Number of protein chains: 2
Amino acid sequence: MNSQFGERIRTLREKQNLYLRQVAPLLEMDTAQLSKIEKGLRQLKREQIPILAEILKASSDELMTLWLADQIYAVVKDEKLANEAMQVAEKNINQTKRKK
Amino acid sequence: MNSQFGERIRTLREKQNLYLRQVAPLLEMDTAQLSKIEKGLRQLKREQIPILAEILKASSDELMTLWLADQIYAVVKDEKLANEAMQVAEKNINQTKRKK
DNA sequence: TTATATTTGCCAATATTTGACAAGTCAATA
DNA sequence: TATTGACTTGTCAAATATTGGCAAATATAA
């Protein structure tokens with residue numbers, strides 16, 4: 001639970017008036033799995049994000065951002081040093097980028 | 001490779017003039033494993049961080065922060081949306097904190 | 001060469017995540 | 001209250017990923 005990505009794709013799906021039963025097969029899974037994904041109990045595969053974005057007529061970048069944010073959140077939730085760790089990580093990312 | 005945590009504990013170990021062979025048994029592992037951890041090829045278990053901090057006479061919080069930063073980095077490295085995702089995640093963390 | 005420290009490669013053991021299915025809840029409505 | 005449709009939940013084997021342990025390789029110094 002507590003999944004930004006899951007909440008977002010549920011909202012988008014409902015906005016498109018689509019049922020789980022309609023969307024799930026397009027992602028080659030059953031409704032139970034997609035239901036769990038929307039509730040944050042399972043992870044959508046990274047490479048399926050663009051596919052789902054198209055189905056839901058949404059921005060792939062937006063969904064990818066939320067999906068990544070969920071992964072990060074899973075690492076640091078309940079950590080008292082979460083913010084410090086994020087700062088260090090952010091620095092590393094931007095340094096790596098600069099080197100390219 | 002590319003592990004802040006690993007680099008740091010190697011530096012600390014060398015500063016204490018300790019060999020892998022001396023430290024590894026205190027963590028109940030062999031030198032090969034600890035070597036890989038220092039090179040970022042394996043992860044130290046989260047619960048072993050305080051133990052290692054004591055051995056190296058270092059700050060447990062500092063090591064924990066670097067360890068967490070490595071986990072975050074593993075998620076977002078190579079992601080063009082890394083920074084956006086970090087911002088979203090950071091917001092979630094601080095909202096969760098506030099609710100407590 | 002020998003000795004010591006570290007590294008690397010391999011693979012079985014262990015742990016984690018996923019896929020698939022069945023059974024369950026819930027709400028609407030006949 | 002029985003039925004239907006949408007969604008949810010639980011279970012568990014299968015698929016994946018990670019780790020532990022060992023042996024061999026490398027490196028450096030004497």
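Letters A, B, ... mirror the listed sequences (proteins, then strands); counts begin at 1. Quantities reported herein were computed from a predicted structural model and do not represent experimental measurements.
- Nearest to the side-chain atoms of A:Ala32 among the listed nucleotides C:dG19, C:dT7, C:dA22 stands C:dA22.
- Per the geometry, NZ belonging to B:Lys36 stands 11 Å off P belonging to C:dC10, to the nearest Å.
- The interatomic distance linking A:Leu44 (CG) with C:dT17 (P) rounds to 16 Å, in whole Å.
- In this structure, A:Leu34 atom CG and C:dT18 atom P are separated by 14 Å, rounded to whole Å.
- With a cutoff of under 4.0 Å to any heavy atom of chain A, the contacted region of DNA chain D is bounded 5' to 3' by D:dA6 to D:dT11.
- Every residue meeting the salt bridge (charged side-chain N to carboxylate O under 4.0 Å, His left out) condition with A:Glu79, not counting sequence neighbours, appears here in chain and number order: B:Arg46.
- Helix-axis bend for the helix from C:dT1-D:dA30 to C:dA30-D:dT1: the local axis fitted to the five terminal pairs at one end deviates from that at the other end by 20°, rounded to 10°.
- Within residues 17-30 of chain B, the residues that place at least one heavy atom under 4.0 Å from DNA chain C are, in residue-number order, B:Tyr19, B:Leu20, B:Arg21.
- Here B:Ala53 pairs with B:Ser60, B:Leu63 under the side-chain contact (heavy atoms from CB on, under 4.5 Å) rule; sequence neighbours left out.
- Legend: residues meeting salt bridge (charged side-chain N to carboxylate O under 4.0 Å, His left out) with A:Asp61, ordered by chain and number and at least two apart, are B:Lys80.
- Taking A:Gln43 as the reference, A:Gln71 meet the side-chain hydrogen bond (donor to acceptor under 3.5 Å, both in side chains) condition, with sequence neighbours excluded.
- As a whole-Å value, the separation of B:Glu47 CD from C:dA15 C1' is 13 Å.
- Summarising the geometry, the separation between CG on A:Leu41 and C1' on C:dT17 is reported as 13 Å, rounded to the nearest angstrom.
- Rounded to whole Å, the distance from CD on A:Gln43 to C1' on C:dG19 is 15 Å.
- Checked by atom type, the side-chain pair A:Asn2/B:Asn92 shows no donor-acceptor distance below 3.5 Å.
- Residues that satisfy the side-chain contact (heavy atoms from CB on, under 4.5 Å) test with B:Lys36, not counting sequence neighbours, are B:Leu41, B:Arg42.
- With distances taken from any side-chain atom of B:Arg42 to the nucleotides C:dC11, C:dT8, C:dA20, the minimum falls on C:dC11.
- Residues passing the side-chain hydrogen bond (donor to acceptor under 3.5 Å, both in side chains) test with B:Glu38 are B:Arg10, B:Arg13, sequence neighbours excluded.
- Note: CD (B:Glu38) to C1' (C:dT7) measures 11 Å, nearest angstrom.
- A search for side-chain hydrogen bond (donor to acceptor under 3.5 Å, both in side chains) contacts involving B:Glu62 returns B:Arg8, not counting sequence neighbours.
- Between A:Val75 and B:Tyr73 the shortest side-chain heavy-atom distance does not fall below 4.5 Å.
- If you take CD of B:Gln33 and C1' of C:dA12, they are 14 Å apart, rounded to a whole angstrom.
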Quick one: side chains of residues 14-27 of chain B, donor-acceptor pairs under 3.5 Å with protein atoms, not counting sequence neighbours, listed by atom name and distance.
| residue | atom | partner | partner atom | Å |
| --- | --- | --- | --- | --- |
| B:Gln16 | NE2 | B:Leu56 | O | 3.4 |
| B:Gln22 | OE1 | B:Tyr19 | N | 2.7 |

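- For B:Glu84, the side-chain contact (heavy atoms from CB on, under 4.5 Å) criterion is met by A:Thr65, B:Leu81, not counting sequence neighbours.
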